[in-house]
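Structure first, then comments.
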Amino acid sequence: MTVSRVLVTGAGGPAGVAVIRSLLKRDDLEVFAADMDGWASALYLVPAERRRIIPAGLAPEFVDAIIALVAEDAIDVIVSTVDAELPGLADRRAELGAELAAPSAEALHTTLDKWLLMQAVEGKARIPHTELLTQEGAEYDWVFPVIVKPRSGAGSRGVHLVHTRAELEAAAGDTSQIIQENLPGDEFSVDVILGADGHVISAVPRLRARVDSGVAVAGRTVHRAELEDTAAACAIAAGLVGVANVQLRYATDGTPALLEINPRFSGSMPLTVAAGVDMPSLAVDLALGRELPHTVPFQEIAVTRFLEDIFLPVDEIIASS
Ligand SMILES: Nc1ncnc2c1ncn2[C@@H]1O[C@H](COP(=O)(O)OP(=O)(O)O)[C@@H](O)[C@H]1O
Ligand SMILES: [Mg+2]
């Protein structure tokens, strides 16, 4: 059996924990866990000699530090679960010395900008009508209220409703923001995985039943063709390969429309794995160039979560700045 070495970054976040737990089930992988913080919980799910402290994703030395780590630990595959790390890694993919389980630099560029994303998907799946926050954009024939939000944002920061045209025109002139049709219906999050040729292997929609500090703490998977098909069409239009999370919300016309795509593993990945689609494992096989099943089915299943404790000798905690 060939054993491959996989480096997973973001060991302190829910996505990193989920990926590490999934990959630890395989006896043909050696999992290295990395984070910028020595207190990151999933560092301590792997043996002590496979824990690594790395710079922050936006630090100028980040990619060089990963290249050095890959060489030293003979890493075969890098799985980054941190948004901030992805563009830098994808830009220097050829220099990394290991396969990067992430979309192309171009697809990352598109998905990390909600304006570019809507333009890429327009005509291929239902999108909410979207304009830049310019005077011209404000003059469109909007049905109020509308949503105004940053092109590049996260964690709902800066997302707000605008109720009148006067208010919209007063805010106009900021092309770092978009104006968008308000989607008032139910919201679904769809984990997708696409093969090397860009076809969708699986799209698993879930309803977030309870959310605590932005993290879904209860939910369920849902079989519904219009959600699976819309998410798949959006992911294909964005040029993605591998794993991504497509967020949809129902419009007033009763159809699901695209909110955004996060080009990485979601924090709710354990539910998708439990539903029958082990996306972290499939993503590593994809990066290793192995053949994947053409499609993988999923079942409806519910989850409710709690925090779990890892107790350690005090001197085992790795010092980090
Ligand atoms: N067009 C919209 N209509 C209704 N709600 C929206 C719209 N855009 C964003 N929201 C709400 O704001 C949240 C965050 O927006 P999103 O586009 O996912 O950006 P991010 O998560 O990157 O901050 C969404 O989950 C949704 O609840
Ligand atoms: Mg979002």
Side-chain angles (χ1 to χ4, degrees), residues 10 13-15 57-58 81-87 103 107-122 125-133 137-138 140-163 167-168 171 174 176-192 204-219 222 227 230-231 234-235 237-238 240 243-269 271-272:
L58 292 178
T81 68
V82 182
D83 266 350
E85 298 176 354
L86 287 168
L108 286 171
H109 181 69
T110 304
T111 50
L112 293 172
D113 179 332
K114 295 175 173 87
W115 171 242
L116 296 182
L117 175 65
M118 291 299 161
Q119 289 178 307
V121 177
E122 188 163 19
R126 170 78 162 93
I127 58 164
H129 188 83
T130 305
E131 298 280 349
L132 285 175
L133 182 51
Y140 176 79
D141 186 20
W142 296 105
V143 175
F144 287 88
V146 294
I147 290 279
V148 170
K149 65 182 179 182
R151 286 166 65 164
S152 304
S156 297
R157 276 183 296 278
V159 182
H160 59 284
L161 280 171
V162 170
H163 294 270
E167 208 185 320
L168 194 59
D174 178 359
S176 74
Q177 300 199 61
I178 50 177
I179 314 169
Q180 195 161 69
E181 169 189 349
N182 182 36
L183 305 168
D186 288 339
E187 189 164 330
F188 290 83
S189 189
V190 190
D191 287 332
V192 296
V204 185
R206 74 167 169 276
L207 187 64
R208 292 149 63 103
R210 297 284 183 274
V211 177
D212 186 357
S213 313
V215 177
V217 292
V222 180
L227 293 172
T230 303
C234 292
L240 291 164
V243 176
N245 175 258
V246 181
Q247 296 178 2
L248 306 175
R249 201 167 159 124
Y250 277 84
T252 37
D253 63 11
T255 59
L258 177 65
L259 272 180
E260 67 154 339
I261 300 183
N262 290 311
R264 55 170 168 79
F265 293 87
S266 72
S268 292
M269 191 48 67
L271 176 60
T272 297

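Here the structure is a predicted model, which means the values were calculated and not measured. Whatever order the structure lists ligands and atoms in, that order sets their numbers, starting from 1.
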**Study point:** Any N, O or S atom of Q247 closer than 2.8 Å to the Mg ion (ligand 2)
**Key:** yes
Review point. Are a donor atom and an acceptor atom from the side chains of S189 and N245 found within less than 3.5 Å of each other?
Key: yes
**Study point:** Modelled atom types, side-chain donor and acceptor of R151 and S176, under 3.5 Å
**Key:** no
Exercise for review: Could you find the nearest protein heavy atom to atom 14 (C) of ligand 1 and give me its residue, atom name and distance?
Suggested key: S156 OG, 3.3 Å
Revision key, fill the gap. the protein heavy atom lying closest to atom 21 (O) of ligand 1 turns out to be E260 OE2, 2.9 Å
Check your understanding: Can you find a pair of side-chain heavy atoms, one from V162 and one from I179, that are under 4.5 Å apart?
Key -> no
Review point. Heavy atoms, side chains only, cut-off 4.5 Å: are T111 and P103 in contact?
Key: no
Review point. So which N/O/S atom does E260 have closest to the Mg ion (ligand 2)?
Key: OE2
Among [options], which residue places a heavy atom closest to [atom]?
{"atom": "atom 9 (C) of ligand 1", "options": "K149, Q247, E187, R157", "result": "K149"}
{"atom": "atom 2 (C) of ligand 1", "options": "T130, I147, I127, I178", "result": "I147"}
{"atom": "atom 19 (O) of ligand 1", "options": "H160, E181, K114", "result": "K114"}

Review point. Counting both backbone and side chain atoms, is some N or O of V159 under 3.5 Å from an N or O of ligand 1?
Key: no
Practice item. Going by the side chain to side chain donor-acceptor pair (under 3.5 Å) test, name the single residue among Q180, Q177, E260 that passes it with K149. Key: Q180
Review point. Would you say P128 touches ligand 1, if touching means a heavy atom closer than 4.0 Å?
Key: no
Practice item. Could you check whether the rings of W142 and H129 sit parallel, tilted or perpendicular, using 30° and 60° as the cut-offs? Key: perpendicular
